[in-house]
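Position 1 is the first residue of the sequence; numbering continues from there.
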Amino acid sequence: MINNDINTIRSKFARLQYESDSLIRSNQILKDQNNLITYASIALFFSFIGILCIVFYRSKAKEIALVQMYQKDTENYYDSIIHIQNSITRAQELERKKFAKELHDGVLNKLFVTRFSLLQLENDNLETIKESLVKEVQEVERFIRNSSHALYNEEKFLISNFGQLLEELVYMQNRNVSTVFDCKIDSKIELEKLSHKIKVNIYRVLQEAFQNVQKYAEARECRLIVEYLSNDYFRIEVVDNGKGFNVKSAKRGLGIKNMEDRLRVLNSKLILKSKKGAGTSISFTIRNN
């Protein structure tokens with residue numbers, strides 16, 4: 001009986017040992033499955049983050065490409081306008097020289113002949129000289145009339161001046177429907193007298209300023225103000241009512257540096273003012289002679 005009990009106990013221990021080993025193996029399998037699920041979840045999470053980064057990067061790259069394309073288009077447009085203006089200026093200079101020559105060789109000579117004929121008037125040749133004088137005066141009258149008409153009609157073919165070019169740059173920004181762009185240019189400022197170098201640098205600075213407003217300001221309104229200060233100076237200011245930023249703590253980007261470099265060439269300085277929630281303004285002063 002004791003031996004039978006011992007055998008029974010041994011059988012129970014053996015069965016318990018077998019069941020214990022089975023539980024250990026099952027537990028190991030579950031543990032491996034749990035690790036697999038954990039690793040798969042981590043892999044999926046990082047894959048999702050990677051996809052989001054790729055989508056964000058592509059979106060940013062597309063946005064930058066569009067901005068660069070827009071900037072390049074506006075630069076090409078301005079360069080073509082400047083080229084056309086220079087061509088028209090040269091053509092006008094040639095026309096002025098030609099007109100001056102015509103005045104000298106045509107009108108002045110005819111007037112000299114008329115004056116000389118008047119001095120030679122006598123009773124016996126009065127009718128003959130009278131007819132000649134009338135013809136000379138008619139030719140002078142016809143020449144002056146044709147020249148004045150030509151000069152008047154030529155004004156119809158002149159392209160926009162620099163002020164109009166700045167207005168076009170401002171209103172082109174209204175493609176961004178979230179921000180309304182407007183401008184005010186004092187009529188007392190003679191922008192056309194500015195040199196080519198000053199015009200180019202002003203245009204580039206304003207391009208950069210408007211681009212910053214489009215990208216960062218989140219403004220409802222933005223305005224360009226060209227203000228007359230004196231016969232020698234005028235001020236240009238770009239003001240928006242966007243979210244603003246802390247000027248002291250914010251890092252100055254490449255755009256601000258480019259504007260400062262361009263204004264340094266013009267012996268001017270960029271004045272930047274901003275406050276969180278109160279918008280941003282940039283301004284600079286230009287000497288106009």
Side-chain angles (χ1 to χ4, degrees), residues 1-76 172-181 204 206-222 238-261 270 272-282:
M1 289 174 64
I2 292 173
N3 287 332
N4 290 335
D5 291 339
I6 291 173
N7 291 332
T8 301
I9 292 172
R10 286 178 178 175
S11 296
K12 288 182 178 180
F13 271 107
R15 187 171 65 253
L16 289 173
Q17 182 68 35
Y18 175 77
E19 291 177 353
S20 176
D21 293 339
S22 298
L23 287 174
I24 291 173
R25 285 193 298 271
S26 299
N27 186 45
Q28 185 63 39
I29 292 171
L30 291 174
K31 186 177 180 181
D32 293 340
Q33 291 177 346
N34 185 48
N35 290 337
L36 180 62
I37 293 172
T38 302
Y39 294 146
S41 299
I42 293 173
L44 287 173
F45 174 76
F46 282 107
S47 299
F48 179 71
I49 294 298
I51 292 173
L52 285 180
C53 291
I54 292 173
V55 171
F56 178 76
Y57 173 78
R58 288 184 177 178
S59 175
K60 276 295 182 183
K62 185 177 180 181
E63 179 182 348
I64 292 172
L66 287 175
V67 171
Q68 289 175 344
M69 182 179 67
Y70 162 71
Q71 184 174 3
K72 185 177 180 181
D73 288 343
T74 51
E75 288 178 359
N76 291 337
M172 282 172 61
Q173 309 301 317
N174 284 315
R175 292 181 296 182
N176 180 355
V177 295
S178 62
T179 306
V180 177
F181 288 82
R204 295 287 188 260
L206 292 179
Q207 260 187 330
E208 191 69 47
F210 291 143
Q211 184 173 320
N212 288 340
V213 173
Q214 296 273 24
K215 290 172 64 177
Y216 307 117
E218 298 179 8
R220 296 186 306 277
E221 297 177 356
C222 178
V238 177
V239 187
D240 68 70
N241 61 354
K243 62 182 182 180
F245 62 95
N246 190 326
V247 176
K248 294 182 179 180
S249 62
K251 182 180 179 181
R252 295 205 168 193
L254 184 61
I256 298 294
K257 186 178 182 302
N258 288 339
M259 288 192 284
E260 291 175 335
D261 291 341
L270 183 72
L272 174 63
K273 298 179 181 179
S274 185
K275 186 178 180 181
K276 284 189 175 182
T280 303
S281 73
I282 67 161

K.L.:
Can you name the salt bridge (charged side-chain N to carboxylate O under 4.0 Å, His left out) partners of E218, sequence neighbours left out?
P.N.:
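E218 satisfies salt bridge (charged side-chain N to carboxylate O under 4.0 Å, His left out) with K243 only.
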
K.L.:
Got a sec, which residues hit salt bridge (charged side-chain N to carboxylate O under 4.0 Å, His left out) with K215, two or more places apart in sequence or on another chain?
P.N.:
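With sequence neighbours excluded, K215 shows a salt bridge (charged side-chain N to carboxylate O under 4.0 Å, His left out) to no residue whatsoever.
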
K.L.:
Which residues pass the salt bridge (charged side-chain N to carboxylate O under 4.0 Å, His left out) test with K248, sequence neighbours left out?
P.N.:
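Salt bridge (charged side-chain N to carboxylate O under 4.0 Å, His left out) check on K248 returns nothing, list empty.
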
K.L.:
Considering only distance and modelled atom types, tabulate donor-acceptor pairs under 3.5 Å from the side chains of residues 41-52, sequence neighbours left out.
P.N.:
{"residue": "S41", "atom": "OG", "partner": "I37", "partner atom": "O", "Å": "2.8"}
{"residue": "S47", "atom": "OG", "partner": "A43", "partner atom": "O", "Å": "2.7"}

K.L.:
If the condition is side chain to side chain contact (heavy atoms under 4.5 Å, CB included), which residues does Y216 pass it with, not counting sequence neighbours?
P.N.:
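Counting only residues at least two positions away or on another chain, Y216 forms a side chain to side chain contact (heavy atoms under 4.5 Å, CB included) with N212.
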
K.L.:
Can you list the residues that meet the side-chain hydrogen bond (donor to acceptor under 3.5 Å, both in side chains) rule with S281, with sequence neighbours excluded?
P.N.:
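Partners of S281 under the side-chain hydrogen bond (donor to acceptor under 3.5 Å, both in side chains) test: none.
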
K.L.:
Ignoring hydrogens, what is the shortest heavy-atom contact between V247 and K273? Give both atom names and the distance.
P.N.:
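The pair with the smallest heavy-atom distance is CG2-C, 4.3 Å.
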
K.L.:
By the salt bridge (Lys or Arg N to Asp or Glu O under 4.0 Å) test, which pairs, at least two apart or in different chains, include something from residues 47-61?
P.N.:
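Non-adjacent pairs meeting salt bridge (Lys or Arg N to Asp or Glu O under 4.0 Å): K60-E63.
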
K.L.:
Locate the shortest heavy-atom distance separating S274 from F245; write the atom from each residue and the value.
P.N.:
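In terms of heavy atoms, the two residues are closest at OG-N, 3.0 Å.
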
K.L.:
With D261, which residues qualify under side-chain hydrogen bond (donor to acceptor under 3.5 Å, both in side chains), at least two apart?
P.N.:
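With sequence neighbours excluded, D261 shows a side-chain hydrogen bond (donor to acceptor under 3.5 Å, both in side chains) to K257, R264, given in chain and number order.
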
K.L.:
With sequence neighbours excluded, tell me which residues meet side chain to side chain contact (heavy atoms under 4.5 Å, CB included) with A217.
P.N.:
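A217: side chain to side chain contact (heavy atoms under 4.5 Å, CB included) contacts with V213, A219, D240.
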
K.L.:
Atom CD1 of I9 and atom CD1 of I2: how far apart are they, to the nearest 0.5 Å?
P.N.:
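The distance works out to 10.5 Å.
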
K.L.:
I need the minimum non-hydrogen distance between F181 and N174, along with the two atoms involved.
P.N.:
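The answer is N-OD1, 2.7 Å.
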
K.L.:
To the nearest 0.5 Å, tell me how far R220 CZ sits from N241 CG.
P.N.:
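Answer rounded to 0.5 Å: 4.5 Å.
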
K.L.:
Please identify each residue that fulfils side-chain hydrogen bond (donor to acceptor under 3.5 Å, both in side chains) with E221, with sequence neighbours left out.
P.N.:
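Counting only residues at least two positions away or on another chain, E221 forms no side-chain hydrogen bond (donor to acceptor under 3.5 Å, both in side chains).
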
K.L.:
Under the side chain to side chain contact (heavy atoms under 4.5 Å, CB included) test, which residues partner S22, sequence neighbours left out?
P.N.:
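With neighbours one apart ignored, the set is Y18, R25.
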
K.L.:
Just verifying a value: how many Å separate K31 NZ and T38 OG1, rounded to the nearest 0.5 Å?
P.N.:
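Going from the NZ atom of K31 to the OG1 atom of T38 covers 11.5 Å.
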
K.L.:
Taking the side chain as everything from C-beta on, heavy atoms only, tell me whether T280 gets closer than 4.5 Å to L272.
P.N.:
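Yes; the side chains approach each other to less than 4.5 Å.
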
K.L.:
Kindly write out the residues that satisfy side-chain hydrogen bond (donor to acceptor under 3.5 Å, both in side chains) with D32, not counting sequence neighbours, or none if the list is empty.
P.N.:
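Only Q28 meet the side-chain hydrogen bond (donor to acceptor under 3.5 Å, both in side chains) criterion with D32.
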
K.L.:
Taking all atoms of both residues into account, what is the closest heavy-atom pair of Q214 and Q173, and its distance?
P.N.:
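For Q214 and Q173, the tightest heavy-atom pair comes out as NE2-O, 3.1 Å.
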
K.L.:
Hey, what do you get for CG (N34) to CD1 (I29), rounding to the nearest 0.5 Å?
P.N.:
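Separation between the atoms: 13.5 Å.
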
